> 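One structure coming up, written as structure tokens, with questions to follow.
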Amino acid sequence: AAQFWQSNSDATLGVIAIYDGIQATYRQKHYQWGELRSDNFGPGSESANANSLELVFNDITSGNAGVLDWSTFYTTVNRANLAIKYIPQIEGFNQNLLAEAHALRAYLYFDALRVWGAVPLFVEPVESSSQDLQRTRTDAMTIMNEVVIPDMIRAKELMTLIQDPYRFSLNSIRALQAEVYMWLNDYANAKTQIEENFATNEYSLTTSPDEWQDMFINDIQEGGPGKIMEGPELVMSIRYDINEPRDNPGQTRANRSGIFALFFAGL
């Protein structure tokens with residue numbers, strides 16, 4: 001760290017590394033920690049094995065170690081903590097980059113408290129093997145009040161970019177705030193954030209089945225539609241690109257979306 005965080009170019013790389021961690025963390029778990037726990041999914045064929053069925057029946061055991069594992073989650077949190085610590089030490093640092101780091105950490109811990117409730121809390125980076133990594137769990141509402149809400153408010157204060165399809169901007173920070181406030185039943189604050197986004201005139205509802213489908217089709221291969229997902233309802237997406245090299249040591253698919261593979265499990 002002493003040699004790295006010297007310029008805004010370094011800070012950009014540091015923030016992109018957080019998004020790289022987001023790719024790895026959510027390649028399947030965006031569904032496993034979310035939609036698969038709803039009644040929108042069920043056994044789809046006799047090929048569904050016992051571990052797959054645990055997902056849709058909300059009865060997870062150690063046989064689903066990959067679903068339970070939060071190592072990529074905390075790796076990503078640590079990258080955000082590094083950026084939040086070191087970017088302000090750069091002379092003339094880009095405030096948008098610091099805003100992104102705060103927004104990403106808020107997003108991660110918001111998901112954590114919704115999935116697990118109380119979790120171990122790290123707000124300082126782990127930079128040495130001598131640091132104590134054993135933490136008791138911190139109460140979910142403590143994390144909400146001391147990390148999630150302050151981080152997203154700070155992110156909004158710092159951010160000047162209005163919109164970006166794949167990185168946090170003012171619009172996606174406001175969308176995150178709206179979701180957090182609605183989760184807390186604080187509808188007045190949520191309404192404020194949503195109305196501020198409406199005022200940008202960046203978004204509209206799709207008006208046909210084809211337009212709606214276009215938002216989710218993401219296929220640039222020969223014979224495919226040759227497009228990346230796009231549409232007037234999308235605020236921010238995690239970008240996966242088949243042309244991106246598989247350069248994650250020991251995790252050759254960390255930068256590949258894993259959603260399609262879930263449906264080979266008979267769900």
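On a predicted model such as this, the values are computed, not experimentally measured, just so you know.
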> Please report the closest heavy-atom contact between Q6 and D10, naming both atoms and the distance.
N-OD2, 2.9 Å

> Quick check on E91: does its CD atom have over 12 non-hydrogen neighbours (other residues, nucleotides or ligands) under 6.0 Å away?
no

> Membership question, hydrophobic clusters at under 4.5 Å side-chain separation (ILVMFWY): are W116 and L133 in the same one?
yes

> Under the side chain to side chain contact (heavy atoms under 4.5 Å, CB included) criterion, do M236 and R167 qualify, and how do the steps go?
CA-CA 7 Å; M236 182 180 129; R167 292 170 65 171; 5.6 Å; no

> Using only atom types and a distance under 3.5 Å, with no angle test, would you say the side chain of K29 pairs donor to acceptor with the backbone of D69?
yes

> The test is side chain to side chain donor-acceptor pair (under 3.5 Å); show your working for N255 and Q23 and say whether it passes.
CA-CA 6 Å; N255 57 3; Q23 280 185 319; 5.2 Å; no

> Output the distance between atom OG1 (T25) and atom CG (L108), rounded to the nearest 0.5 Å.
6.5 Å

> Would you find a donor on one side and an acceptor on the other, under 3.5 Å apart, between the side chain of N8 and the backbone of A11?
no

> Is it the case that more than 12 heavy atoms not belonging to Y166 sit under 6.0 Å from its OH atom?
yes

> Is a side-chain donor or acceptor of S204 paired with a backbone partner of P232 at a separation under 3.5 angstrom?
no

> Could you check whether E196 and T192, counting side-chain N and O atoms only, form a donor-acceptor pair closer than 3.5 Å?
no

> Let me confirm one number: the CH2-CD1 distance from W212 to I217, rounded to the nearest 0.5 Å.
10.0 Å

> Taking V235 as the starting point, is it possible to reach F216 by hopping between hydrophobic residues whose side chains are less than 4.5 Å apart?
no

> Is the backbone N or O of R239 less than 3.5 Å from a side-chain atom of S237, with the two atoms forming a donor-acceptor pair by type?
no

> Between T12 and I16, is a side chain to side chain contact (heavy atoms under 4.5 Å, CB included) present by the stated rule, with each step listed?
CA-CA 6 Å; T12 299; I16 293 300; 4.3 Å; yes

> Test Q95 against T160 for side chain to side chain contact (heavy atoms under 4.5 Å, CB included), laying out the working first.
CA-CA 8 Å; Q95 292 193 2; T160 60; 5.9 Å; no

> Does a side-chain heavy-atom distance below 4.5 Å link D20 with R79?
yes

> Verify the distance criterion only: is there a donor paired with an acceptor across the side chains of S208 and D210 at less than 3.5 Å?
no

> Does the separation of the ring centres of F122 and Y74 fall below 6.0 angstrom?
yes

> So, the side chain of N64 versus the backbone of L55: is there a donor-acceptor pair under 3.5 Å, distance only?
no

> Could you note down all residue pairs passing ring-ring contact (aromatic ring centres under 6.0 Å, His included) where residues 7-29 supplies at least one of them, sequence neighbours left out?
Y26-Y107

> On a heavy-atom basis, which atom in I194 and which in A178 lie closest, and how many Å separate them?
CG1-CB, 3.7 Å

> Under a 3.5 Å distance rule, please check whether S169 uses its side chain to pair with a backbone N or O of I162 as donor and acceptor.
yes

> Just verifying a value: how many Å separate Q163 CD and N171 CG, rounded to the nearest 0.5 Å?
5.0 Å

> For the residue pair L161 and M159, establish whether any side-chain heavy-atom pair is separated by less than 4.5 Å.
yes

> Looking at R27 and R256, would you say the former's side chain and the latter's main chain have a donor-acceptor pair under 3.5 Å?
yes

> Going by heavy atoms in the side chains, are Y240 and I238 under 4.5 Å from each other?
yes

> For the CH2 atom on W183, are there more than 12 heavy atoms of other groups (residues, nucleotides or ligands in this structure) within a distance under 6.0 Å?
yes

> Is it the case that the side chains of N78 and N81 hold a donor-acceptor pair, with the cut-off being a distance below 3.5 Å and no angle test?
no

> Test side chain to side chain contact (heavy atoms under 4.5 Å, CB included) on L184 and I149; report intermediate values, then the result.
CA-CA 11 Å; L184 293 169; I149 293 176; 3.9 Å; yes

> First locate atom OH of Y181, then atom CG of N189, and finally report the distance between them rounded to the nearest 0.5 Å.
5.0 Å

> For a quick test of reading the model, state the closest non-hydrogen atom pair linking T76 to I18 and the distance between them.
CG2-O, 3.4 Å

> Look at the side-chain heavy atoms of Ile, Leu, Val, Met, Phe, Trp and Tyr, link any pair under 4.5 Å apart, and say whether M182 and M144 land in one connected group.
no

> In the structure I gave you, are the side-chain heavy atoms of Q177 and I153 within less than 4.5 Å of one another anywhere?
yes

> Looking at P209, is its backbone amide N or carbonyl O close enough to the side chain of Q213 to form a donor-acceptor pair, meaning the two atoms are under 3.5 Å apart?
no

> Please check if any side-chain donor atom of E233 sits under 3.5 Å from a side-chain acceptor atom of T206, or the reverse.
yes

> Same hydrophobic cluster for L170 and Y203, using side-chain heavy-atom links shorter than 4.5 Å among ILVMFWY?
no

> Going by heavy atoms in the side chains, are K156 and Q193 under 4.5 Å from each other?
yes

> Look at R114 together with E179 and state whether they make a salt bridge at an N to O cut-off of under 4.0 Å.
yes

> I want to check something: taking the side chain as every heavy atom from C-beta on, are F110 and M152 in contact at a cut-off of under 4.5 Å?
no

> What closest approach, in Å, do A83 and A101 show between heavy atoms, and which atom pair accounts for it?
CB-CB, 3.8 Å

> Would D111 and Y109 count as having a side-chain donor-acceptor pair, cut-off 3.5 Å?
no

> Examine distances only and state if a side-chain atom of R135 and a backbone atom of L121 form a donor-acceptor pair shorter than 3.5 Å.
yes

> I'd like to know if E195 pairs up with R174 as an ion pair, taking the criterion as any Lys NZ or Arg NE/NH1/NH2 lying under 4.0 Å from an Asp or Glu carboxylate oxygen.
no

> For residues N197 and T200, is any side-chain donor paired with an opposing acceptor at under 3.5 Å?
no

> Tell me whether T75 contacts the main-chain N or O of S71 through its side chain, where contact means a donor paired with an acceptor under 3.5 Å.
yes

> Does the side chain of P88 come within less than 4.5 Å of L98's, by heavy atoms?
yes

> Applying ring pair (Phe, Tyr, Trp, His ring centres under 6.0 Å), can you list everything that pairs with Y86, at least two apart in sequence or on another chain?
W5

> Any side-chain heavy atom of R105 within less than 4.5 Å of one from V147?
yes

> To the nearest 0.5 Å, what is the distance between CG (D214) and CG (L234)?
10.0 Å

> Taking atom CD of Q32 and atom CD of E54, what is their separation to the nearest 0.5 Å?
12.0 Å

> Run the salt-bridge test on K85 and E124 with the 4.0 Å N-O cut-off and return the result as yes or no.
no

> Which heavy atom of N51 sits nearest a heavy atom of G63, and at what distance?
ND2-O, 3.2 Å

> Check A118 against R137 and note the closest heavy-atom contact, atom names and distance.
O-NH1, 2.8 Å

